[in-house]
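Taking it in order: structure first as structure tokens, then the write-up.
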Amino acid sequence: MSGNFKFDTLALHAGHSPDERHGSRAVPIHQTTSYVFQSTEHAAALFNMEVGGHIYSRLTNPTVAVLEQRLAALDGGVAAVATASGMSALFITVLALCSAGDHIVSSSQMYGANINLFEHTLSRYGITTTFVAPNDPAAIKAAIQPNTKLVFGEVIGNPGMDIMDIRAVGKISAQAGIPLVIDATFNTPWMIQPLKHGANIVIHSLTKWMGGHGAALGGAVIDGGNFDWGQNDKFPMLTTAHFGYQGVNLWEEYGPGAFAARVRTEGMMNVGPCLAPMNAFLILQGIETLGLRMEKHMSNTAKLLDFLSGHEQVAWVKHPSLPDHPDHKVAVELMPKGQGSIIAIGVKGGREAGRAFIENVQLASHLANVGDAKTLVIHPGSTTHSHLTPEAMQAAGLTEDLVRVSVGLENIDDIIADFKAALRIAGKVAGTKS
Amino acid sequence: MKLQINGKSTFVSTGGRDFEPDGDVLLFLHGSGQSHLSFLLQGRFLANRGFQVLVPDMPGHGLSKGAALTSIEEMADWCATVILAAGVEGPVNIIGHSQGGLVAMEMARRHPAMVKRAVFIATALSIPVNDMLLDLAKNKEPKAIDAMMDWGHGPVGHMHDHTMPGHSHLAYGRQLMAANETGALFTDLSACAAYSDGPVAAALVTCPSLCILADMDKMTPIKAGRKLVQTLPMAEVVELSNAGHMLTTERPFEVNQALRKFLAK
């Protein structure tokens with residue numbers, strides 16, 4: 001080897017060597033539930049975590065393992081565990097760290113399902129959460145209690161695009177002796193590797209930019225290996241005898257990989273949100289071009305921002321790259337290659353104008369996803385949040401006129417033409433155009 | 001388990017099994033800037049195959065307290081103390097990786113009655129350390145760690161192709177080394193650089209010995225390993241292809257197979 005491989009090379013190769021028997025260059029899809037043991041001794045060694053290998057695809061699978069190793073390489077983590085979705089990745093992360101009576105400090109401005117998990121699901125099992133503005137490190141610090149087990153947030157909040165300064169929050173969580181867990185779905189490791197900036201655990205929804213083609217659901221937990229689980233007595237699941245595996249003490253026996261080992265041996269074993277091998281393959285295909293796609297996402301986003309910022313039918317435009325974004329400075333410092341391809345705009349004329357815009361785009365797809373190769377749009381006021389009053393929407397960080405755009409990879413001239421036509425119709429609905 | 005060695009709390013992994021000092025004991029010795037975790041895929045494996053396993057963290061490394069030891073000779077004497085503190089009376093099998101191999105040689109010379117067999121993994125008669133790496137270890141330790149992880153791994157490590165599903169050789173190695181006390185790496189490398197008694201010590205290793213070498217080892221090149229084989233009076237050798245210096249994690253199945261075969265004799 002001539003040196004450590006760079007990002008684009010890892011995106012194509014990491015985690016996989018062509019198999020010696022067949023020489024398959026592409027990652028094979030191991031569509032199997034289970035694996036033949038070489039002997040009873042081999043089986044026992046696998047079950048006792050003495051050797052690496054595969055037992056049952058709920059725990060590990062060769063195709064999924066390639067994806068996991070590629071993700072670990074791209075994010076700089078010691079290990080990764082792939083899951084069926086980003087939400088299951090978050091759930092089994094909390095499962096590995098928290099028990100009844102424990103507490104979480106979380107960003108208040110993030111993906112609704114994340115908030116629902118903390119507020120409505122985990123609370124029923126005795127795990128409480130204090131929600132704090134992600135861009136207010138002092139408030140995050142003040143919210144930490146003796147029973148707090150983790151701080152959670154997104155680098156780029158969904159959908160409001162508030163930026164968490166993970167450098168500052170990472171210092172706060174480190175001082176408190178608890179890990180910083182970051183949902184990095186909106187940034188991908190191409191934009192920022194949170195583990196290098198203070199995060200200890202990274203979670204991805206691979207469904208979005210990582211897979212990038214809207215074809216497969218998936219998630220992942222990346223263990224940074226950079227947290228000292230033995231520094232206090234807050235994490236007995238990692239530092240005392242495991243309920244299985246001959247009572248292994250994961251911190252002592254696996255060191256930097258202790259957290260990933262717990263996720264694998266509890267979250268995957270006892271809950272089982274495993275990623276399908278076919279989905280792992282599809283996501284791997286997407287990751288191979290992650291760098292290329294992200295560059296195009298960023299350049300298309302910049303050009304679309306130019307168009308929207310000067311358009312008479314657009315009331316406002318929100319994106320971290322714009323100087324008037326409240327977290328612009330932090331965003332550029334953390335993510336100098338680009339600040340994401342999600343744009344929020346306000347269509348003049350309120351809820352009805354927003355609806356008209358959405359219903360009249362032709363190229364862009366109206367759906368509830370982001371990070372696809374294709375341009376996507378959604379109008380929360382007439383869809384996901386249509387049942388809310390204007391006041392309730394405002395409390396959720398949304399406005400009636402808000403349209404969320406996930407900028408795709410089409411030729412930017414075509415995207416702009418599509419938006420121009422739909423905005424013209426929205427203007428007629430709003431009465432600002434004749 | 002935790003032992004008190006020279007007044008300092010010392011962590012000794014027993015491979016996840018209770019330690020019986022009367023059994024066939026394996027003492028694993030880690031390399032420069034490493035810890036017991038460099039034998040992650042050997043200790044637990046052999047502890048479950050009838051061996052009594054001791055994998056200590058040297059002072060200032062891993063979960064052990066105290067200042068890093070400054071010479072190979074001092075490390076050898078410290079290991080003898082560990083053996084006694086663990087309640088072991090008979091001779092033990094010493095398995096050293098890299099710097100740990102130098103310590104194993106010195107153990108065999110200074111405490112011959114304590115050594116039953118010796119295994120040298122990616123070791124040579126001497127381990128010279130270039131000035132650039134020493135300087136980095138002293139003044140920019142993270143960069144020294146990065147360099148050692150780069151040079152220490154072969155194609156398998158650099159491709160993140162791990163036998164433990166989902167793991168990264170390079171990142172795991174970096175975090176393992178970063179967890180040690182600051183300065184421990186420089187002290188280790190200085191001890192290696194200063195050690196010149198290898199040819200004498202190796203010639204005095206009269207117990208059966210095994211050298212496990214890697215063809216793509218940049219830190220203790222295979223040519224240097226072969227000189228060690230020629231110097232040891234009773235040496236066998238296993239050479240692994242397509243492997244780098246960190247062969248315990250890059251090629252664990254082959255290393256374990258070689259260990260079992262040798263230890264079964």
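By convention in this document, chain letters (A, B, ...) are assigned in the order of the sequence lines, proteins followed by strands, and residues within each chain are numbered from 1. Basis for what follows: all heavy atoms, side chains included, without hydrogens, waters or symmetry-related copies.
- With chain B as the partner, the residue from Gly76(A), Ala14(A), Ala44(A) showing the most heavy-atom pairs under 4.5 Å is Ala14(A).
- Contacts between His13(A) and chain B at a heavy-atom distance below 4.5 Å involve backbone atoms as well as side-chain atoms.
- For residues 245-265 of chain B, the interface with chain A (any heavy-atom pair closer than 4.5 Å) comprises Phe253(B), Arg260(B), sorted by residue number.
- Heavy atoms of Ser17(A) lying under 4.5 Å from chain B belong to its backbone as well as its side chain.
- Per-residue heavy-atom pair counts under 4.5 Å with chain B were compared for Ala72(A), Ala82(A), Gly255(A), and the maximum is reached by Gly255(A).
- By number of non-hydrogen pairs under 4.5 angstrom with chain A, the leading residue of Ala178(B), Ala47(B), Gly166(B) is Gly166(B).
- The residues Arg49(B) and Glu50(A) are annotated as salt-bridged, a charged nitrogen and a carboxylate oxygen being separated by less than 4.0 angstrom.
- The structure places CD1 of Ile222(A) at 5.0 Å from CG of Asp75(A), a figure rounded to the nearest 0.5 Å.
- Between His153(B) and His158(B), the ring planes lie perpendicular to each other; the angle is over 60°, past the 30° to 60° tilted range.
- The pair Lys143(B)-Asp135(B) does not count as a salt bridge, with every side-chain nitrogen at least 4.0 angstrom from each carboxylate oxygen.
- Neither the backbone nor the side chain of His169(B) comes within contact range of chain A; no heavy atoms are under 4.5 Å apart.
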From CA spacing to verdict: salt bridge (Lys or Arg N to Asp or Glu O under 4.0 Å), Asp24(B), Arg117(B): CA-CA 11 Å; Asp24(B) 196 4; Arg117(B) 286 172 286 209; 3.5 Å; yes

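- No side-chain heavy atom of Arg70(A) sits under 4.5 Å from any side-chain heavy atom of His160(B).
- In summary, Arg264(A) and Glu68(A) engage in a salt bridge, as defined by a charged side-chain N under 4.0 Å from a carboxylate O.
- Contact count against chain A (heavy-atom pairs under 4.5 Å) is highest for Asn48(B) among Asp57(B), Asn48(B), Leu170(B).
- You'll find the side chain of His242(A) stays beyond 4.5 Å of the side chain of Asn249(A), heavy atoms only.
- Of the residues considered (Ala45(A), Ala220(A), Ala73(A)), Ala73(A) shows the highest number of contacts with chain B, using heavy-atom pairs under 4.5 Å.
- Going from atom CG of Leu95(A) over to atom CD1 of Ile92(A) covers 8.0 Å, rounded to the nearest 0.5 Å.
- Side-chain contact between Ser35(B) and Phe11(B) is absent, with no heavy-atom pair separated by less than 4.5 Å.
- Between Ile55(A) and Tyr35(A) there is no side-chain heavy-atom pair separated by less than 4.5 Å.
- Neither the backbone nor the side chain of Asp223(A) comes within contact range of chain B, judged by heavy atoms closer than 4.5 Å.
- Annotation: side chain of Val55(B) is not in contact with side chain of His30(B) (no heavy-atom distance under 4.5 Å).
- With chain B as partner, the option from Thr9(A), Asn48(A), Thr60(A) having the largest number of non-hydrogen pairs under 4.5 angstrom is Asn48(A).
- For chain B, the option among Val51(A), Val78(A), Leu10(A) with the highest count of heavy-atom pairs below 4.5 Å is Val78(A).
- For chain A, no part of Leu46(B) is nearby; none of its heavy atoms comes within less than 4.5 Å.
- Contact of Leu41(B) with chain A is made through backbone and side chain together, with heavy-atom distances under 4.5 Å.
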